> 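Before anything else, here's the structure in question.
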Protein chains: 2
Amino acid sequence: MKINQILPLVDINNTFNDIRVQNMLAELQERITQMEHPKGSKLFHLNPTIKGNGVKTIKETLMASLKEDGWLLEHRLDLSVTQRQPGPIDAVLPLNDSSNKYIALEWETGNISSSHRAVNKLVSGLLAEKLICGILILPSSNMYRYLTDRVGNFDELRPYFQVWSSANYALNEGCIIIIEVEHDVLSLESPLLAKGTDGRALR
Amino acid sequence: MKINQILPLVDINNTFNDIRVQNMLAELQERITQMEHPKGSKLFHLNPTIKGNGVKTIKETLMASLKEDGWLLEHRLDLSVTQRQPGPIDAVLPLNDSSNKYIALEWETGNISSSHRAVNKLVSGLLAEKLICGILILPSSNMYRYLTDRVGNFDELRPYFQVWSSANYALNEGCIIIIEVEHDVLSLESPLLAKGTDGRALR
DNA sequence: TATGGATCCATA
DNA sequence: TATGGATCCATA
């Protein structure tokens, strides 16, 4: 998989340049770059059928490799806000220091509207001082054309970036990073990514 | 329809108490209270079938009455942010003064995740200084039980309220208000609200 | 019940 | 193509 850009959307007191964040990013970039489809093909090939590919399986291999790197999957931070809580986060990396804090990552594969919730959940983690950094990975609009209709994508979230970037949270540290990814190669010979029976799919 | 609560989520320099906002709220409360189902029954009756009622038609009568009060429906604010823009807003009320600003209202009937986008869109309007006030109307969790699965509801958005309330936007005025509404009466004799064929509905 | 998701629809 | 929506699924 190809990384188009890494955007620091929120960056409080230069947390983006914190060595813990930069080390994690170096590792994460390598892991994303290693993603392949089909398995064993070295590159991520995508069948260029408009709205033809399901999204469910895309992130699976990345999550598996992050788990090997020490990330915890589907982890729920205790934000102790109210009785009801934001739900679990795709992956969190515990910092191996005395801070008891984490770096969190969401790979958005739901509807674009759920990308808004994903960023808000990461911000909740900053506000609860459980996270020093939250990352959201989104496909480019180039890639999006070939995925399930209306899934989250970088360009469609962009008009809303200012909602978060112009917030002045009263915090000493924290950053939110958006990463735009894309297939390496379009290939008619590549198998379509499977779709589920979720949503309005006619089984 | 019954109003359970009116919550000022964001309130910059006391905009919530601005006479223009308070006048609008008085009128809006009356209009919401007047909503009825079935038509002519004076109260909003809801058939208590779990996940049985569609949401599409719920807001229609309110929008019709707001139109009579001078609101513009499905209006798109020109936020001139980027090429891509947040989409249209359910209803906006132009202020009849020289400010060229509006009050905006969204009645959330989409998925809960799209409630996050709705608030973000209202915040975008504040940041662009096109709005002095944005309102989001959401059903209570009591009402939600009888509506399409996963539609927006007050209690499920609540854990995220702090994301907006602690944002400290650098603005001179602006408020975001969340209104929680509920049926007046549960009634087995009341017809179910129709569902569409959207999403994953099997036609 | 609670929460994130996945999918296709409607309309401009 | 672009954008908000509406619906049902999966899992804990």
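In what follows, chains are A, B, ... by sequence order, proteins preceding strands, each numbered from 1. These numbers come from the heavy atoms of this one structure, side chains and all, not from hydrogens, waters or symmetry mates. The shown structure was predicted, so the numbers you read here are calculated from the model rather than taken from an experiment.
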> At under 4.0 Å, does any side-chain N or O of Lys121(B) touch on OP1 or OP2 of dG4(D)?
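Affirmative; the distance criterion is met.
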
> In residues 139-150 of chain B, which residues come under 4.0 Å of DNA chain C by heavy atom?
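Result for residues 139-150 of chain B: Arg145(B), Arg150(B), sorted by number.
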
> Just say parallel, tilted or perpendicular for the rings of His75(B) and Tyr102(B), cut-offs at 30° and 60°.
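Rings of His75(B) and Tyr102(B): tilted, as their planes differ by 30° to 60°.
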
> Which nucleotide wins on minimum distance to the side chain of Val151(B), given the candidates dT7(D), dG4(C), dC8(C)?
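Per side-chain heavy atoms of Val151(B), the pick is dT7(D).
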
> Taking only the side-chain nitrogens and oxygens of Ser114(A), find out if one of them lies under 4.0 Å from OP1 or OP2 of dG5(C).
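For Ser114(A), the contact criterion (side-chain N or O under 4.0 Å from OP1 or OP2 of dG5(C)) is met.
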
> Please report, rounded to the nearest Å, how far the P atom of dT1(D) is from the CZ atom of Arg158(A).
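Answer to the nearest Å: 17 Å.
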
> What is the bend of the helix from dT1(C)-dA12(D) to dA12(C)-dT1(D) when you compare the axis at one end with the axis at the other, using five pairs each and rounding to 10°?
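Here the helix ends are tilted 30° relative to one another.
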
> Do Phe44(A) and His183(A) have their ring centres less than 6.0 Å from each other?
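Between Phe44(A) and His183(A), the centre distance exceeds or equals 6.0 Å.
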
> Between Lys195(A) and dC8(C), is there a side-chain N or O to OP1/OP2 distance below 4.0 Å?
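True: Lys195(A) side-chain N/O within range (under 4.0 Å) of dC8(C) OP1/OP2.
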
> Please work out which of the three classes, parallel, tilted or perpendicular, describes the rings of His116(B) and Trp164(B), given edges at 30° and 60°.
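Plane angle between 30° and 60°, so tilted.
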
> Between Tyr160(A) and dG4(D), is there a side-chain N or O to OP1/OP2 distance below 4.0 Å?
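Yes, within the criterion.
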
> Could you please spell out the steps behind the salt bridge (Lys or Arg N to Asp or Glu O under 4.0 Å) verdict for Arg20(B) and Asp97(B)?
CA-CA 10 Å; Arg20(B) 296 167 297 177; Asp97(B) 54 27; 2.9 Å; yes

> Locate the shortest heavy-atom distance separating Ile12(B) from Thr15(B); write the atom from each residue and the value.
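Smallest interatomic distance, heavy atoms only, reads O-OG1, 2.7 Å.
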
> Could you check which of dG4(C), dA6(D), dT3(D) has an atom nearest any side-chain atom of Glu156(A)?
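Given the options dG4(C), dA6(D), dT3(D), the side chain of Glu156(A) is closest to dT3(D).
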
> Given that Lys51(B) and Asp90(B) both sit by DNA chain D, which one's nearest nucleotide is further toward the 5' end?
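The 5'-side residue here is Asp90(B).
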
> Among Gln34(B), Glu27(B), Gln29(B), which one satisfies side chain to side chain donor-acceptor pair (under 3.5 Å) with Arg31(B)?
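Checked Gln34(B), Glu27(B), Gln29(B) against Arg31(B); only one passes side chain to side chain donor-acceptor pair (under 3.5 Å): Gln34(B).
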
> Go through dG5(C), dG5(D), dT3(C) for me and flag the one nearest to the Arg76(A) side chain.
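Selected nucleotide (nearest to the side chain): dT3(C).
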
